[in-house]
Amino acid sequence: MIQAPEHSDRPNPESAYRPPAPKPQARPLKPLALLRTLKRNPLECWATPHFEQPIVAGGLPIGHVLLVHEPGAIRRVLLDNAANYRKDRLQRRVLSAGLNDGLLSAEGEQWRLQRRVLAPMFARRTVMDFTPAMMAAAEALIDRWSALGDCATIDAAAEMAMVTLDVVERTIFSDGFGSDAEAIRMAMATYFNTIGKISPLDILGVPDFVPRLSRFRVRSTLNFFESEVDRVISNRRRILAEQPRQAPNDLLTHLLGALDTDSGESLTEAEVRSNILTFIAAGHETTANTLSWALFLLSQSREWRERVEAEVDRELTGSADAGIADRLTETRAVIEETVRLYPPISAISRVALDDDALNGEAVRPGSLIVISPYVLHRHRRLWDRPDVFDPGRFLGNASATVDRFAYLPFGAGPRKCIGSAFALQEATLMLAVIVKNFNFQMRPGHAVWPSLRVTLRPANGLPMIIGKRSPGERSSNDVSHHELAARCMMDS
Ligand code: HEM
């Protein structure tokens with residue numbers, strides 16, 4: 001059990017805030033109820049034993065399944081014996097629909113080569129160089145919100161999807177999507193809404209050749225994407241060939257110039273295209289959801305709201321340097337705690353190739369191993385007051401007590417998220433800029449509920465009332481956030 005040390009960063013139990021989450025089922029659901037609940041909201045399937053026991057066997061009608069939430073066993077699956085466990089068909093289909101040549105779904109030698117070639121693009125130094133692009137997207141958001149005037153109601157979830165797409169655009173293709181930008185954005189929305197739907201045929205293990213309606217829709221959207229991305233790539237290749245000094249310093253330029261240091265090989269045309277789509281698919285909605293949940297959690301916690309306000313007033317002055325995100329330690333702790341409580345990717349799954357044993361449980365060839373970061377992060381044996389919002393867990397001495405394999409928002413081992421530093425930096429900066437410039441409060445009467453559709457998002461959006469904040473204003477004095485909401489409701 002992780003015993004978080006008592007220190008002044010921990011909330012007092014009286015004021016501890018427990019954000020909304022489904023109450024675990026008393027016992028694992030029977031197959032029919034399980035299928036129904038999986039279709040409605042997979043998050044509601046989990047039962048008390050999953051949050052209390054290291055490993056629970058069974059559950060789905062698709063063969064031998066182990067639900068694994070014990071750090072030693074997880075380490076074995078994802079790191080020590082990772083060669084025995086490959087990504088399973090369902091996860092690959094859902095997370096990377098259609099992007100077969102990209103890093104997320106590649107396997108074997110193709111994956112190894114791509115990972116080596118792509119790793120430098122997501123190294124700390126390169127990611128820090130994206131600070132100006134991320135700050136520019138944040139400033140554009142502030143301008144847009146400022147134009148709405150006081151007491152505007154926004155859907156924070158939709159706004160975060162827009163701003164993270166803006167970051168994608170500024171960091172991957174810094175010269176923009178071009179004339180069809182709006183059509184691309186709309187296609188992206190259709191794509192994400194469609195890949196979110198898991199067909200019951202998938203859960204029942206019905207073979208791939210049996211058609212699923214949702215895949216036709218994804219395919220036509222992907223065709224559009226692919227042709228648009230090809231157009232952007234060929235423009236960039238021309239610039240790189242004719243005026244290399246004029247080429248923007250963004251991920252696309254890195255991607256087209258990247259070579260494997262061992263073999264001297266570069267990525268094929270199909271791999272370049274698939275990886276661009278993979279970066280958009282894997283990085284856009286995950287970070288948007290992180291930010292949505294962080295805004296919601298801060299709107300509910302006066303203590304942490306004030307701590308972040310004090311930090312951003314101190315640190316965000318003048319133009320931001322590349323190291324600014326590293327100094328925003330409290331803001332970053334809020335993001336880390338957000339992805340503990342609401343991990344955007346809520347299940348990591350693998351199929352065993354050969355016999356193995358996990359914590360004394362036999363693993364057979366074909367066994368499906370499911371690790372849910374959502375369950376792991378709220379496991380009774382692993383966390384102190386697991387359902388309480390407490391960013392102090394990630395500050396100072398307390399953070400050293402977090403077991404590496406009990407906290408998996410970005411996975412672990414060789415297939416750990418390549419974009420984790422990028423995402424943490426982006427979310428930290430964005431949250432800091434928003435808190436610095438705006439008061440925000442949930443619209444009274446709106447019930448917030450987590451819903452799992454590929455990523456973990458707030459069901460029915462996040463309607464928030466926003467108002468301009470002056471530097472130095474604190475939630476506890478000046479206009480409190482509840483007062484803001486009340487005043488705005490009276491005005492409207
Ligand atoms: C808060 C944001 C993010 C979260 C929570 C997240 C989560 C994850 C997780 C859990 C995995 C591992 C899946 C597994 O082991 O089966 C993963 C892999 C991956 N992520 Fe992320 N991710 C985020 C942002 C990003 C960003 C910004 C990018 C790229 C721009 C990205 C690109 C990828 C790729 C390419 C992989 C596959 C890596 C490989 O298999 O080698 N992710 N992500």
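As the structure is a prediction and not an experimental result, all values here were calculated from the model. Order of listing sets the numbers, starting from 1, for every ligand and every atom in it.
Ligand 1 places these atoms under 4.0 Å from at least one heavy atom of A423: 1 (C), 2 (C), 24 (C). Numbered from 1 in the order shown, with element, the atoms of ligand 1 that lie under 4.0 Å from a heavy atom of I348 read 14 (C), 15 (O), 16 (O). Of all atoms in ligand 1, numbered sequentially from 1 with element shown, those under 4.0 Å from a heavy atom of T287 are 2 (C). Taking a cut-off of under 4.0 Å to the non-hydrogen atoms of P409, the atoms of ligand 1 that pass are 5 (C), 7 (C), 10 (C).
Ligand 1 has an N or O atom lying under 3.5 Å from an N or O atom of R350, backbone or side chain. For the pair T278 and ligand 1, the shortest N or O to N or O distance does not fall below 3.5 Å. Between R415 and ligand 1, an N or O atom pair is found at a separation short of 3.5 Å.
Between E311 and R307 there is no salt bridge, since no side-chain nitrogen of the basic residue lies less than 4.0 Å from a carboxylate oxygen of the acidic one. Using a cutoff of 4.0 Å between basic side-chain nitrogens and carboxylate oxygens, D387 and R18 are not scored as salt-bridged.
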Steps toward side-chain hydrogen bond (donor to acceptor under 3.5 Å, both in side chains) verdict (Y17, D390): CA-CA 8 Å; Y17 170 60; D390 176 13; over 6 Å; no
Worked verdict on R305 versus E309 for salt bridge (Lys or Arg N to Asp or Glu O under 4.0 Å): CA-CA 6 Å; R305 177 63 167 274; E309 284 170 350; 3.4 Å; yes
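Between F394 and Y407, the ring center distance clears the sub-6.0 Å criterion. Checked against the 6.0 Å centroid threshold, W145 and F438 count as a close aromatic pair.
Both the backbone and the side chain of L103 come within 4.0 Å of ligand 1, judged by heavy-atom distances. Counting heavy atoms closer than 4.0 Å to ligand 1, residue L104 contributes atoms from both its backbone and its side chain. By the criterion of a heavy-atom distance under 4.0 Å, the side chain of P344, and not its backbone, is placed next to ligand 1.
By the 4.0 Å heavy-atom criterion, E426 is excluded from the residues contacting ligand 1.
Selection from R112, E285, R115 by nearest heavy atom to atom 38 (C) of ligand 1 gives R115. Atom 8 (C) of ligand 1 has its nearest heavy-atom neighbour, among C417, G411, G419, in C417. The option from F422, F122, Y342 that lies nearest to atom 29 (C) of ligand 1, judged by heavy atoms, is F122.
Distance check, rounded to the nearest 0.5 Å: CG of L408 to CG of L78 gives 6.5 Å.
No hydrogens or angles considered: nothing links the side chains of E337 and W304 as a donor-acceptor pair under 3.5 Å.
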